[in-house]
Amino acid sequence: MDRRSFLKAAGWATIAGAMECATAASQQRPNIVFLLTDDQSYNSLGCMGNRQVKTPHFDELAADGVVFDGHYDTTSICMASRATIMTGKYEYRHGCNFTRGSLPREQWRRSYPVLLREAGYYTCFAGKFGFAVTDAPDKSGWNSNNKMPMDSFDVWHGWPGQGSYRTADNEFVARYAEKYPHVTRALGAAAQDFIKQASKRRQPFCLSVSFKAPHGPLQPDPEFDDVYADTVWQEPPNYDEPGAAHLPKQAKSGRQYLKIRTFRPATYQASMRKYQQQIYGVDCAIGTIRAELKRQGLADNTVIIATSDNGYNCGSHGFGGKVLPYEEGSRAPLIVYDPRHKNTQVGRRCRSVTGNIDIMPTILDLAGLPIPGDVDGKSLRPLVPNPGGRVRDAMAILNVWGSIPTHELSVVTADYKYIYWFFAGEGMKAAEELYHLPGDRYEMNNLAAHPEKQTTLNKMRLLYDVEIERWKKNCVRRSEYPEWGTLLDRSVPWEAKEKVIPARAIQSDRKSRSGEKTRRSRRTNVTR
Ligand SMILES: [Ca+2]
């Protein structure tokens with residue numbers, strides 16, 4: 001006798017009836033597939049205007065759904081961005097990043113995977129999880145299964161740390177190694193198996209797949225070696241050093257500039273081929289996932305969200321890596337496909353400024369759950385049937401990781417980006433940048449000193465000051481987040497800031513930068 005029959009037999013008809021109602025309601029709730037890539041540049045897709053790449057499944061998803069053209073990762077680095085995606089909070093409010101600490105369990109309990117599971121969703125995580133969850137915040141690292149919240153999911157195919165492109169090296173997907181030796185296709189197969197399992201259950205599901213690709217090392221699946229064999233990659237207008245002449249010294253003080261190797265002129269062609277080949281692998285996995293949803297009759301009630309944890313510089317302005325607030329580092333692709341809103345106009349675009357803070361509230365809203373009051377993001381669900389709308393006027397982009405001069409706060413609107421570099425030591429002066437995004441996507445023309453742009457500059461400064469006040473009010477009271485609220489404040493003089501910067505941090509930071517400078521100078525002499 002199953003539970004419902006037992007309750008009816010026991011005369012508990014009301015409870016049995018309530019269960020039936022709950023089941024009916026759960027059948028109406030959509031399934032959710034959240035697909036996250038690692039370090040994927042916004043312009044790496046056909047649907048984002050790149051005519052050299054082959055991304056048919058991303059492009060099909062974009063044609064079926066809505067593409068968000070003003071989407072940014074509010075902290076453009078793996079760990080903080082992933083914690084933001086799951087909690088809907090700016091980094092300063094969850095306090096999780098490299099060198100600052102893990103995500104405390106009390107915050108994790110209010111993440112979208114936990115809340116959806118509590119609401120009756122069948123849940124799976126596959127791929128690179130990206131941060132540690134611990135009872136109290138600590139800095140002991142994220143390289144252990146003990147720090148992964150495996151018990152929070154019904155099915156776990158995740159791994160701690162960076163994992164490996166060799167499927168066999170990742171414990172919870174190793175069973176796919178023989179058929180799919182490269183982990184991108186193995187994740188596609190694991191997702192496919194989960195969808196088959198979920199189709200047999202009387203509850204909605206939430207599948208989160210975090211691809212390792214195209215994050216370095218550039219080790220694409222040899223299965224796809226011929227895809228870009230003949231492609232000669234076109235460099236963007238802001239490629240390499242000449243485009244960086246107008247950027248402040250602070251921007252060029254971190255490893256994104258000093259350590260770049262893979263996207264220098266001598267290696268650009270080979271690196272771009274491998275980078276895009278990695279994304280081609282993800283594209284194939286998306287095809288596998290969508291085909292399985294159709295096969296199981298689930299496609300019409302499954303929302304698919306695809307994005308990246310941060311952008312990637314690929315040599316723009318002479319930068320490698322991500323982290324920085326420029327478009328290539330901080331902007332990311334975002335596609336939302338909700339099959340319940342049939343698309344009458346192929347390839348709808350949304351200009352609203354959106355961010356990784358919005359993923360969690362969007363997923364909660366799709367599942368019919370309330371959005372907690374301390375979440376920074378907004379639900380993007382209303383923009384899917386109405387992409388001409390907007391969820392906010394301005395949003396913050398921040399970095400407090402790595403080289404101290406590169407720590408910054410920026411504010412972005414649909415039209416402008418304002419960047420404030422606080423650091424004024426070592427011969428530098430605090431610096432401002434202002435870019436008109438629709439007319440200057442490559443950020444080649446800093447308008448901050450332009451006489452006709454002073455009104456706009458002042459408006460953007462005010463928006464910046466609003467974000468600083470939010471930081472001070474909402475930041476976690478640890479890991480130097482309160483101090484950074486002061487350091488990034490435009491109204492605090494440098495002399496006062498110098499006393500706030502942690503002395504030990506700046507000492508080790510200088511040492512590490514001086515090593516990188518020497519190495520870059522040697523490499524420059526070789527490659528130029
Ligand atoms: Ca990343």
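This chain uses plain numbering: 1 for the first residue, then up along the sequence. Note that ligands are numbered from 1 as they come in the structure, with each ligand's atoms numbered from 1 the same way. What you see is a predicted model, and the numbers here were worked out from it, not measured in a lab.
Nearest N/O/S atom of Asp39 relative to the Ca ion (ligand 1): this is OD1. Within Asp309, the N, O or S atom at minimum distance from the Ca ion (ligand 1) carries the name OD2. Of all the N, O or S atoms in Asp38, the one closest to the Ca ion (ligand 1) is OD1.
Taking every heavy atom of both residues into account, Glu327 and Glu443 meet most closely at N-OE1, 2.8 Å.
Looking only at distances, no side-chain donor or acceptor of Asn31 sits under 3.5 Å from a matching main-chain atom of Thr302. A donor-acceptor pair is defined here as one N or O able to donate and one able to accept, closer than 3.5 Å; no such pair exists between the side chain of Ser76 and the backbone of Val323.
Judged as a ring-ring contact (aromatic ring centres under 6.0 Å, His included), and not counting sequence neighbours, the contacts of Phe194 are Tyr122, Phe205. Evaluation of the side-chain contact (heavy atoms from CB on, under 4.5 Å) rule for Arg117 yields Thr123, Asp154 as partners, not counting sequence neighbours.
At a threshold of 3.0 Å, the Ca ion (ligand 1) has no backbone or side-chain N, O or S atom of His215 nearer than that distance. Note on Ser308: not counted as a metal contact of the Ca ion (ligand 1), no N/O/S atom lying under 3.0 Å.
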